[in-house]
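Reminder, nothing fancy here: chain letters follow the sequence lines and each chain counts from 1. Side chains are part of it too, since the values below use all heavy atoms of this structure and drop only hydrogens, waters and symmetry mates.
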Number of protein chains: 2
Amino acid sequence: MAIKIFITDDHYMIVEGIRSLLQQEKDVEWMGHAMNAASCLGFLQQQQPDVILMDINLPDKSGIDLCQEVKGKYPDIHILGLSSFNQQSFIQKMMEHGASGYVLKNATREELLEAIEAVMKGQKFLSPEVSATNGRNEEIRIPVITRREKEVLALIAEGLTNSEIAEKLFVSTTTVDSHRKSLLAKFEAKNTATLIRMAAKFSFI
Amino acid sequence: MAIKIFITDDHYMIVEGIRSLLQQEKDVEWMGHAMNAASCLGFLQQQQPDVILMDINLPDKSGIDLCQEVKGKYPDIHILGLSSFNQQSFIQKMMEHGASGYVLKNATREELLEAIEAVMKGQKFLSPEVSATNGRNEEIRIPVITRREKEVLALIAEGLTNSEIAEKLFVSTTTVDSHRKSLLAKFEAKNTATLIRMAAKFSFI
DNA sequence: AGAAAAATCCTGTTTTTAGGGGATAGAGGC
DNA sequence: GCCTCTATCCCCTAAAAACAGGATTTTTCT
């Protein structure tokens with residue numbers, strides 16, 4: 001019985017590319033595609049594929065959130081993350097939210113098929129390049145920051161000083177300073193420059 | 001006579017997608033593809049296409065640099081930038097370096113064909129979404145920074161203080177401070193946070 | 001060669017951040 | 001009820017960055 005595949009990606013060329021790659025495979029049944037999270041969820045109400053290839057960057061919500069939602073509603077569907085970047089932070093988040101694997105957009109046809117087969121068997125799969133990076137860099141911790149810290153971080157990134165932020169949030173400057181200190185600690189940054197660079201890297205801003 | 005097309009992109013799925021999209025077009029002749037800048041330049045020594053579809057992010061050099069190089073050697077070739085992002089800064093740079101147009105990777109088959117036809121006529125072409133952004137935001141100035149400023153910026157981003165940077169570059173702290181002031185002025189940033197955010201946005205770091 | 005741009009250095013002052021300590025009230029989980 | 005986490009607030013000091021307004025020498029380009 002053929003493996004039913006669905007793809008959620010807003011890049012038409014990628015969708016077309018994957019369709020073209022999988023077309024000749026008789027073991028794979030192409031169920032169609034969605035260009036955003038909403039229509040992906042809509043499709044799943046009607047029918048369920050075995051594997052979803054899911055882009056990380058979708059117009060209406062992040063692939064990471066969609067991943068969690070889909071896994072919550074349909075635990076049997078295997079999700080393969082799909083992205084151009086070999087970015088540790090995204091990959092890690094995606095896997096934490098229920099993805100079974102991760103394939104880079106420069107993967108070959110063989111790699112893609114291998115990934116699909118692996119996740120169908122319940123195994124994890126990472127593109128060779130990704131696993132290489134994984135092994136090399138041990139692990140990159142992505143800070144968990146609170147709601148308030150996020151707000152403060154955003155305002156710091158906008159160029160506001162502690163006193164300006166304090167005024168905007170109706171709190172004292174010492175409070176803002178406390179949040180700032182927590183942020184520095186959590187991002188393991190010793191100053192604002194590193195903080196903002198890290199925050200940008202992990203897509204907090 | 002069919003338009004000869006070549007593509008330079010390291011994402012196999014995109015290459016496959018575009019090939020699949022253009023296959024059925026009899027007015028278009030597919031000449032092949034390169035996965036990096038070096039093999040693109042190698043191919044061009046043998047034969048020249050009419051249009052190159054070129055990704056911005058290549059493994060060996062930026063599409064922006066490759067664009068300039070190709071245009072320098074083969075001024076008759078039309079280059080169409082190709083990227084997932086509707087990012088003003090990249091698009092602007094690409095056009096400044098000789099690209100005739102810019103197509104997003106979520107473009108439809110029709111859009112792609114339209115773009116190819118437009119640049120063949122010597123016209124400029126921007127994906128509808130891109131031109132919308134272009135019109136809306138007037139223009140976003142991308143600072144032109146000097147070699148030394150770039151060095152200083154990189155070290156600031158790494159979290160070094162002025163005196164640490166001074167030590168590293170064998171200059172006085174006041175010199176570093178001067179460069180820092182120029183950077184703030186050029187990026188229209190009033191502090192380090194904004195500077196780093198802007199630098200990250202424009203891919204300087 | 002001459003102009004323009006870049007890189008280097010200087011003296012100040014004021015504002016902002018970083019680092020070191022805390023403390024307290026409230027929410028939520030166990 | 002107890003504990004942890006969050007958000008709030010306070011003190012103090014030192015370091016760093018921002019602001020102002022220069023000057024000189026080297027490079028680079030025309």
Checklist entry - Which of these nucleotides, C:dA7, D:dA7, C:dC9, is closest to any side-chain atom of A:Thr146? => result D:dA7
Would you give me the side-chain donor-acceptor pairs under 3.5 Å for residues 152-159 of chain A, sequence neighbours excluded?
none

Checklist entry - Can you give one letter per nucleotide of nucleotides 13-30 of chain D, 5' to 3': B if a protein heavy atom sits under 4.0 Å from the base, S if only from the sugar-phosphate, - if neither? => result ---SSSBBB---------
Checklist entry - If you look at every strand shown and take non-hydrogen atoms under 4.0 Å, does A:Thr175 touch a base, only sugar-phosphate, or nothing? => result base
Checklist entry - Hey, does B:Thr174 reach any base, or is it just sugar-phosphate, or nothing, if we go heavy atoms under 4.0 Å? => result base
Whole-Å distance between [N] [atom2] and [X] [atom1]?
X        : N      : atom1 : atom2 : result
B:His179 : C:dA5  : NE2   : C1'   : 13 Å
A:Lys150 : D:dA7  : NZ    : P     : 12 Å
B:Arg147 : C:dA6  : CZ    : P     : 12 Å
A:Leu195 : C:dG19 : CG    : P     : 12 Å
A:Leu169 : D:dT6  : CG    : P     : 17 Å

Next on the checklist: For B:Asp76 and B:Lys71: C-alpha separation, side-chain torsions, deciding distance, then whether salt bridge (charged side-chain N to carboxylate O under 4.0 Å, His left out) applies.
Outcome noted: CA-CA 8 Å; B:Asp76 293 342; B:Lys71 266 296 189 183; over 6 Å; no
Checklist entry - Do the two ring centres, one from A:Tyr102 and one from A:Phe125, sit under 6.0 Å apart? => result no
Checklist entry - Do A:Arg180 and A:Thr192 meet the criterion of a side-chain donor-acceptor pair at a distance under 3.5 Å? => result yes
Checklist entry - Just by distance, with hydrogens left out, do B:Thr174 and B:Asp177 show a side-chain donor and acceptor under 3.5 Å apart? => result no
Atom pairs and distances, donor-acceptor, side-chain atoms in residues 117-124 of chain A, under 3.5 Å, two or more places apart:
none

